[in-house]
Amino acid sequence: MKQGVQVIVPGSTANLGPGFDTVGMAFELYTKIRMEVSDEPKVVLYGDDLKGLPTDRSNLVYKMAEYLFEKAGLTLPPLRIQMRSDIPLTRGLGSSAAAIVGGLVAANYLAEEPFSKDEIFQMASHIEGHPDNVGASLFGGIVVAVMEEEKVPYIKIEPKSSLKALAVIPDFMLSTEKARGVLPEKYSRKDTVFTLSHAGLLIASLASGRYDMLNTAMQDRVHQPYRTALVPGMGTLLDKAHEYGALGTALSGAGPTIISFLEGNDERLKQFFVDTLLQNGIGSTTMSLMPDLHGARISEDIDTPF
Ligand code: HSE
């Protein structure tokens, strides 16, 4: 068994409008995890962003290590886990997916890699309940995946180097549970066909680099209309962002972050985002994001200070 490893995992956006629980895209925004065999279990968290998370075995990353070792039929030794992250928590940028992927990838390395990357993806998707964020975090780029009983077939698409994103992160947290709780059990045929056809166009647009189609392709009637009430100003941002240079705009994952894709300068869009949320009584910060193309990566360097 290996004695230590460091893993860097990108955050992600999910859904991109109509690709609900199916499409994810990774960004150069990272969670860093160092996992070492130790005398007693301990989780050390760095930075304000992780404040409040558990520092014992109930930490999600620790739980992932326990899960993977159990699946492999191995006994987990006590671990010292160090963690820092640039991914804002509970905002729709895949912080928990990054923790799940990071914990599994690091533990798999310590266990001498009993599982393939595809098997890690299946585990992560079943733990998270959907493959969109975990797929992007694990593989990088844009990942389109479907959950089947056992397998999670996927295809990775590399975005063109011109594609970037602007995220506006409202100053409040929104749990995925709450944002999924407002979704209906059933949909009309009209809304189903509307969303299916737009999801098809979305993937064709991303795969072919026809980003001029994104504004049309990112329309959906499966989740965003029901989540609008949870994010004051969201309706205006989705309707009007293209007037400020956005190629397409969506609620990022379960929100509350809103994300636009663009190829040019994002200054006008930034101002529009911040002003619109402020008019709705919500403070926010913006992040200009570049796609991450590599996904989770392992480093054996556990000697340099964390
Ligand atoms: N596809 C998920 C959702 C992403 O929109 O609920 C959040 O985890």
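Hydrogens, waters and symmetry mates play no part in the numbers below; they use all other heavy atoms, side chains included. When a ligand or atom number is given, it counts from 1 through the structure's own listing order. Everything numeric in this text was worked out from a predicted model, so none of it was measured.
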For this session: Write out the residue and atom name of the closest protein heavy atom to atom 8 (O) of ligand 1, then the distance separating them to 0.1 Å.
Result: H130 CE1, 2.9 Å

Exercise. Any side-chain heavy atom of Y226 sitting closer than 4.5 Å to one from P184?
Worked result: yes

Exercise. Which of the numbered atoms in ligand 1 are below 4.0 angstrom from a heavy atom of N133?
Worked result: 4 (C), 7 (C), 8 (O)

Exercise. If you count the atoms of ligand 1 from 1 in the order shown, which ones are under 4.0 Å from a heavy atom of N15?
Worked result: 1 (N), 3 (C), 5 (O)

Exercise. So does I155 have more than 12 non-hydrogen atoms from other groups sitting under 6.0 Å from CD1?
Worked result: no

Exercise. Does the side chain of T285 reach to within under 4.5 Å of the side chain of P170, using non-hydrogen atoms?
Worked result: no

Exercise. When you look at CD of E70, are more than 12 heavy atoms from neighbouring residues, nucleotides or ligands closer to it than 6.0 Å?
Worked result: no

Exercise. Any heavy atom of R180 sitting closer than 4.0 Å to ligand 1?
Worked result: yes

Exercise. Which part of D132 is near ligand 1, with near meaning a heavy atom under 4.0 Å away: side chain, backbone, both or neither?
Worked result: side chain

Problem set entry | Numbered atoms of ligand 1 (with element) below 4.0 Å of F20, judged on heavy atoms | 3 (C), 5 (O), 6 (O)

Problem set entry | Residues forming a ring pair (Phe, Tyr, Trp, His ring centres under 6.0 Å) with F272, sequence neighbours excluded | Y244

Exercise. Would R297 and D292 count as a salt bridge (Lys or Arg N to Asp or Glu O under 4.0 Å) if you check the C-alpha gap in whole Å, the side-chain angles of each, and the deciding distance to 0.1 Å?
Worked result: CA-CA 11 Å; R297 41 235 194 232; D292 169 280; 2.8 Å; yes

For this session: Check ligand 1 against D21 and write out every atom of the ligand that is under 4.0 Å from a heavy-atom position of the residue.
Result: 1 (N), 2 (C), 3 (C)

Exercise. Measuring from the heavy atoms of R227, does anything fall under 4.0 Å of ligand 1?
Worked result: yes

